[in-house]
Amino acid sequence: QVQLVESGGGLVQAGGSLRLSCTASGRTFSKSAMAWFRQAPGREREYVATISWSGAYTHGVDSVKGRVTISRDNAKNTVFLQMNSLKPEDTAVYYCAAGARMSDRDNDYAYWGQGTQVTVSS
């Protein structure tokens, strides 16, 4: 069982940066692939980035490549999403998720946080 709590969201101007954190409880965090998804109002939840259990492998959706970095600190049971050069279209609720393997499909993740709101003003 893994419980996830996101933090770090907020209101930022376009071009700004935010660092989201997701802290996990449970013994299996260090063996779980982690991911970030987001859901904008009126839109389906979409994949943002994923990281392997060791942190050695990462992958991000094309729309955020070069602007977003996913990382993790297994000693602190935390995964991060560093977002730079934010755009208004990045506005969404951001969710972290834990699963057995890296994937860009939300069905592959068994555990989800409650989400943190990111709002980017123009």
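- Using a distance-only test at 3.5 Å, with no hydrogens or angles considered, a donor-acceptor pair links the side chain of Glu6 to the main chain of Gln114.
- In this structure, the salt bridge (charged side-chain N to carboxylate O under 4.0 Å, His left out) partners of Asp108, at least two apart in sequence or on a different chain, are Arg101, Arg105.
- Of all heavy-atom pairs spanning Thr28 and Val2, the tightest one is OG1-CG2, 2.9 Å.
- Remark: Glu46 engages Arg38 in a side chain to side chain donor-acceptor pair (under 3.5 Å) (not counting sequence neighbours).
- Applying the salt bridge (charged side-chain N to carboxylate O under 4.0 Å, His left out) criterion to Lys87, with sequence neighbours excluded, gives no partner residue.
- In terms of the side chain to side chain donor-acceptor pair (under 3.5 Å) criterion, residue partners of Asp62 (sequence neighbours excluded) are, by chain and number, Lys65.
- Within the structure, no pair that satisfies the ring-ring contact (aromatic ring centres under 6.0 Å, His included) test touches residues 63-105, not counting sequence neighbours.
- For the disulfide bond (SG atoms under 2.5 Å apart) condition, no pair includes a residue of residues 60-95, sequence neighbours left out.
- Distance check: Gln117 CD to Leu11 CG gives 9.5 Å after rounding to the nearest 0.5 Å.
- Residues passing the side chain to side chain donor-acceptor pair (under 3.5 Å) test with Thr23, sequence neighbours excluded: Thr78.
- Atom CG of Asn74 sits about 8.0 Å away from atom OG of Ser54, to the nearest 0.5 Å.
- Of all heavy-atom pairs between Met102 and Ala33, the closest is N-CB, 3.5 Å.
- In this structure, CG on Asp104 lies 8.5 Å from OG1 on Thr50, to the nearest 0.5 angstrom.
- Note that CD1 of Ile51 is 12.5 Å distant from OG of Ser32, once rounded to the nearest 0.5 Å.
- Counting only distance, with no hydrogens or angles, the side chain of Asn77 and the backbone of Ala24 share a donor-acceptor pair below 3.5 Å.
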Checking Val118 against Met83 for the side chain to side chain contact (heavy atoms under 4.5 Å, CB included) test, could you report, in this order, the C-alpha distance in whole Å, the side-chain angles of both residues, the deciding distance, and whether it holds? CA-CA 10 Å; Val118 171; Met83 302 189 294; 4.0 Å; yes
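- Taking both residues in full, the closest heavy atoms of Leu81 and Ala49 are given as CD1-CB, 4.3 Å, listed atom of the first, atom of the second, then distance.
- Take Glu89 and apply the side chain to side chain donor-acceptor pair (under 3.5 Å) test, not counting sequence neighbours, and it matches no residue.
- Every residue meeting the salt bridge (charged side-chain N to carboxylate O under 4.0 Å, His left out) condition with Asp106, not counting sequence neighbours, appears here in chain and number order: Arg45.
- In terms of hydrophobic clustering, with Ile, Leu, Val, Met, Phe, Trp and Tyr side chains grouped at heavy-atom distances under 4.5 Å, Val93 and Val120 are assigned to a common cluster.
- Residue pairs meeting the side-chain hydrogen bond (donor to acceptor under 3.5 Å, both in side chains) criterion with at least one partner in residues 10-19, sequence neighbours excluded, are Ser17-Asn84.
- Applying the disulfide bond (SG atoms under 2.5 Å apart) test to pairs two or more places apart or on separate chains, those with a residue in residues 7-122 are Cys22-Cys96.
- Not a single donor-acceptor pair under 3.5 Å links the side chain of Ser85 to the backbone N or O of Gly15.
- For residues 10-52, the ring-ring contact (aromatic ring centres under 6.0 Å, His included) pairs, not counting sequence neighbours, are Phe37-Tyr47, Phe37-Tyr109, Phe37-Trp112, Tyr47-His59.
- Ile70 contributes atom CD1, which lies 12.0 Å from atom CD of Gln82 (distance to the nearest 0.5 angstrom).
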